[in-house]
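Each remark here refers to the structure printed beneath this line.
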Amino acid sequence: MSWYAAHGRDLPWRRPECSPWGVLVCEVMAQQTPLARVEPVWHAWMRRWPTPADLASAPPGDAVRAWGRLGYPRRALRLHEAARAIVERHAGDVPSTEEDLLALPGIGAYTAAAVRAFAFGGHATVVDTNVRRVLARTLLGEPLAAPALTAAERRLAESAVPAGHREAAVWNVAVMELGALVCTARGPVCDRCPVADRCAWRLAGHPAYDGPKRRGQAYEGTDRQVRGRILARLRETEEVPRPDLDDCAPEQGTVDRCLDGLVADGLVEPLADGRFRLPA
DNA sequence: GAAGCGTGGGG
DNA sequence: TCCCCAAGCTT
């Protein structure tokens, strides 16, 4: 925590004047997307929709377009749905309890804990990929966390969080930050680590990973890639005729299948004249 | 529990 | 170039 006080980054959503909504938006954008790419989009988003009610009153397609190239655009849709739920169920205020947060679309264990801790100073156990790696190394002596979060891992993380609410909030962000800046997946900088002298992994001589294979997700040639191309086209143009999407995949069947999926997901709206657009 | 879901940067 | 990985969630 002393290391964090000295070396933590001054990010906009960490400032005291940042609203719980700002924290929530940031956390959803940062799901699987590096912060460096999140920051500019977050600023534009917060300027345009400073409160949940502002976003709730916009068409969902506007959220998808403003999401830009952050990836996984279903997150934009769910954030928009969450804004409407916050207006309907919580009078426009981001809820602060785990139960209420988890009930919002697109908010899972990590994001609910992060909002409780970082927006409300609540006592939570924030477990993201950074925390998992830091705890695996320092406490278990393992080079990387297992592919999926286990119950034992969660218990370990809970046992590591300080008892006090304020302390817990700082702990959570400090461990995440340590994982992001020092205890990185590749090329950790143990020379700059405040707990290097107590790190089980380092003390064991940095043993290599020997767990189950970490499957890299294929992308080239997948529907995901095609969906991305289709949405990119729809983001730049209001209403797109079907033939303009031909070049999104080598096989037209693939384009049709992906369009069906996008429509089912609510990311694309088919028009009566056969054109497609982002949902109004 | 596994699979599907985007995109881009760095080693 | 290629591969890995990034503040995960949902089905």
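Lettering of chains follows the sequences in order, A, B, ..., and the numbering in each one begins at 1. Quick note: numbers below take in every heavy atom, side chains included, and nothing from hydrogens, waters or symmetry partners.
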Hey, is [X] close enough to [Y] for a salt bridge, meaning N to O under 4.0 Å?
| X | Y | result |
| --- | --- | --- |
| Asp223(A) | Arg257(A) | yes |
| Glu238(A) | Arg275(A) | no |
| Asp265(A) | Arg227(A) | yes |

Inset, instruction - Name the residue closer to the 5' end of DNA chain B, choosing between Ala148(A) and Gly68(A) according to the nucleotide with the nearest heavy atom. - result: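 It is Ala148(A) whose nearest nucleotide is closer to the 5' end.
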Legend entry - Pairwise side-chain contact, His90(A) with Asp100(A), heavy-atom cut-off 4.5 Å (strictly under): yes
Using whole Å, report how far [atom1] of [X] lies from [atom2] of [N].
| X | N | atom1 | atom2 | answer |
| --- | --- | --- | --- | --- |
| Leu262(A) | dC5(B) | CG | P | 9 Å |
| Leu259(A) | dC5(B) | CG | C1' | 16 Å |
| Arg224(A) | dA3(B) | CZ | P | 13 Å |
| Tyr219(A) | dT7(B) | OH | C1' | 6 Å |
| Glu153(A) | dG1(B) | CD | P | 12 Å |
| Met29(A) | dG6(B) | CE | P | 16 Å |

Legend entry - Distance, C1' atom - from dT1(C) to dG8(B), rounded to whole angstrom: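 Pairwise C1' distance, dG8(B) against dT1(C), rounds to 16 Å.
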Legend entry - P-based separation of dA7(C) from dA3(B) [nearest Å]: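 Rounded to whole Å, the distance is 24 Å.
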Legend entry - Glu236(A) atom CD, over 12 foreign heavy atoms within 6.0 Å: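 Atom CD in Glu236(A) is packed in, count exceeds 12.
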Legend entry - Sugar-phosphate, base or nothing in reach of Arg257(A), heavy atoms under 4.0 Å: nothing
Inset, instruction - Report the relative orientation of the aromatic rings in His165(A) and His123(A); use parallel for angles under 30°, tilted for 30 to 60°, perpendicular for over 60°. - result: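 His165(A) and His123(A): tilted rings.
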Inset, instruction - Classify every nucleotide of nucleotides 6-11 of chain C by which part a protein heavy atom approaches to under 4.0 Å, writing B for the base, S for the sugar-phosphate alone and - for neither, in 5'-to-3' order. - result: BBBSS-
